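Below is one structure, written out as structure tokens; the observations come after it.
Since this is a predicted model, take the numbers as computed values, not measurements. Just so it is clear, the values below take in all heavy atoms, side chains as well, and ignore hydrogens, waters and symmetry mates.
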Amino acid sequence: MNTGIPTTVSLPASGRQHRLEKRLHGIYFKGAGIQHFLSRRLRPAGIGLGLVFILATCLSVGQNRTPVYQLFALSFGMILIAIPWAMSRRASIEARRDLPRFGTAGEPLRYQVIVRNLGRRRLTRAWIADTTPDPRPSVEDFTLLREPGEEERNAFDRRFAYFRWEWLLAGNRLFSGGISREDLDLHQGLEMRVTVELTPLRRGIIRFDDLRLLLPDPFGLFQRCRKI
């Protein structure tokens, strides 16, 4: 696999270390999948409100302070409304990309996505997002490749190889960004062009295979992430 980073070293591992690395790969693989799932559905405001809710919950234990309870009730009520609202949003659209033939690694690349509303209702407050193909490394790459300078890390980092996992993830990502700037506002049967901007992270062919429609709740806390 081309990780996009030219300096890799393959080192033999002991049988015990090899088995540990295979188990670690499974843990990191699932953890990265969960993080990716949540990151596409939790907006920054939702993360902030979640932290406020946790803080208010902790402060309210054993305390008799009205402002703390009010903060707890407000944050809990907003979460209780926002999640079902976002998950209940529906849309039926089709989209096609109008892509340039070439781009430059490290430089912003803008292209158009033509979106058509196939539903019966007007579609508002929604965005288009292109996601890079799954960058998680295979178990073979994780167990055979080594991060440059890994031998200089401490024994804990070398054993659990988390920095190696992060290095491989970064090398496998094809681009960053990929979210449209303007809101969609489409009546039934109409279409519009939206501009999407991303930055290629390395040279080579960019594969697009995961175009999504982002449908947030009214508070902007959470969003449904629907594959187009």
Side-chain angles (χ1 to χ4, degrees), residues 29-54 56-57 71-100 108-136 169 173-201 206-228:
F29 193 91
K30 292 178 181 177
I34 294 172
Q35 180 184 11
H36 178 67
F37 177 86
L38 293 177
S39 67
R40 295 206 291 188
R41 290 160 177 82
L42 280 173
R43 297 177 61 81
I47 297 174
L49 185 65
L51 295 176
V52 170
F53 173 72
I54 294 173
T57 302
L71 183 62
F72 170 83
L74 176 63
S75 57
F76 179 72
M78 292 181 68
I79 292 173
L80 200 62
I81 294 172
I83 293 179
W85 195 311
M87 295 302 102
S88 65
R89 291 198 62 183
R90 298 287 185 270
S92 177
I93 69 171
E94 65 177 9
R96 66 183 187 276
R97 302 177 185 87
D98 185 7
L99 294 165
L109 173 68
R110 295 179 181 87
Y111 58 95
Q112 302 286 314
V113 179
I114 299 91
V115 183
R116 184 178 183 84
N117 184 9
L118 303 179
R120 298 179 179 179
R121 298 180 179 179
R122 179 185 178 187
L123 175 62
T124 58
R125 192 167 167 74
W127 296 273
I128 295 293
D130 249 321
T131 305
T132 183
D134 191 349
R136 292 176 293 181
L169 273 181
R173 288 193 180 97
L174 297 180
F175 58 84
S176 62
I179 300 179
S180 63
R181 295 180 179 273
E182 62 256 57
D183 295 358
L184 291 178
D185 188 355
L186 277 172
H187 290 276
Q188 178 185 4
L190 298 183
E191 67 178 34
M192 67 177 292
R193 286 177 171 263
V194 294
T195 301
V196 177
E197 180 179 304
L198 57 82
T199 301
L201 298 179
I206 294 181
R207 189 173 73 252
F208 294 94
D209 61 1
D210 193 2
L211 187 63
R212 298 271 175 164
L213 179 65
L214 305 181
L215 300 163
D217 67 85
F219 304 129
L221 304 175
F222 309 99
Q223 61 191 11
R224 188 181 182 198
C225 184
R226 181 181 180 276
K227 189 174 180 63
I228 301 174

Separation of Leu214 CG from Ile179 CD1 (nearest 0.5 Å): 6.0 Å
CG-CZ distance between Asp134 and Arg173, expressed to the nearest 0.5 angstrom: 10.0 Å
Considering all heavy atoms, the nearest Thr131-Asp209 contact: O-OD1, 4.4 Å
Sequence-distant partners of Leu71, side chain to side chain contact (heavy atoms under 4.5 Å, CB included), two or more places apart: Val52, Ala56
Sequence-distant partners of Arg41, salt bridge (Lys or Arg N to Asp or Glu O under 4.0 Å), two or more places apart: none
Residue list, salt bridge (Lys or Arg N to Asp or Glu O under 4.0 Å) with Arg125, at least two apart or on another chain: none
Qualifying residues under side-chain hydrogen bond (donor to acceptor under 3.5 Å, both in side chains), relative to Arg89, sequence neighbours excluded: none
Donor-acceptor under 3.5 Å (Arg226 side chain, Ala91 main chain): yes
Minimum heavy-atom distance Leu123-Asn117, with the two atoms named: N-ND2, 3.8 Å
Closest approach of Leu169 to Arg136 (non-hydrogen atoms, all atoms of both residues): CD2-CA, 3.7 Å
Residues that Arg120 engages under salt bridge (Lys or Arg N to Asp or Glu O under 4.0 Å), provided they are two or more places apart: none
Set of side-chain hydrogen bond (donor to acceptor under 3.5 Å, both in side chains) partners for Ser39, sequence neighbours left out: none
Trace of the side chain to side chain contact (heavy atoms under 4.5 Å, CB included) decision for Leu213 with Ile128: CA-CA 5 Å; Leu213 179 65; Ile128 295 293; 4.0 Å; yes
Minimum heavy-atom distance Ala126-Pro216, with the two atoms named: CA-CD, 4.5 Å
Listed partners of Leu109 passing side chain to side chain contact (heavy atoms under 4.5 Å, CB included), at least two apart: Pro100, Leu198, Pro200
For Leu211 against Ala95, the heavy-atom pair lying closest together: CD2-CB, 3.8 Å
CG-OG1 distance between Asp183 and Thr124, expressed to the nearest 0.5 angstrom: 8.5 Å
Crowding at CZ, Arg121 (>12 non-hydrogen neighbours, <6.0 Å): no
Partners passing side chain to side chain contact (heavy atoms under 4.5 Å, CB included) against Ala86 (at least two apart in sequence or in another chain): Asp217, Phe222
Side chain to side chain contact (heavy atoms under 4.5 Å, CB included) involving Arg181 - partner list, sequence neighbours excluded: Glu197
Contacts of Arg40 that satisfy salt bridge (Lys or Arg N to Asp or Glu O under 4.0 Å) - sequence neighbours left out: Asp210
Qualifying ring-ring contact (aromatic ring centres under 6.0 Å, His included) pairs with a residue from residues 109-128, counting only residues at least two apart or across chains: Tyr111-Phe208
Pairs touching residues 184-194 that satisfy salt bridge (charged side-chain N to carboxylate O under 4.0 Å, His left out), sequence neighbours left out: Asp98-Arg193, Arg116-Glu191, Arg122-Asp185
Between CZ on residue Arg96 and CD on residue Gln112, distance to nearest 0.5 Å: 11.5 Å
Shortest non-hydrogen contact between Pro84 and Ile81, atoms and distance: CD-O, 3.5 Å
Pairwise distance CG(Leu186) to CE(Met192) - rounded to 0.5 angstrom: 5.5 Å
Any donor-acceptor pair under 3.5 Å from Arg43 side chain to Gly220 backbone: yes
Inter-residue atom distance Leu215.CG - Trp85.CH2, 0.5 Å rounding: 13.5 Å
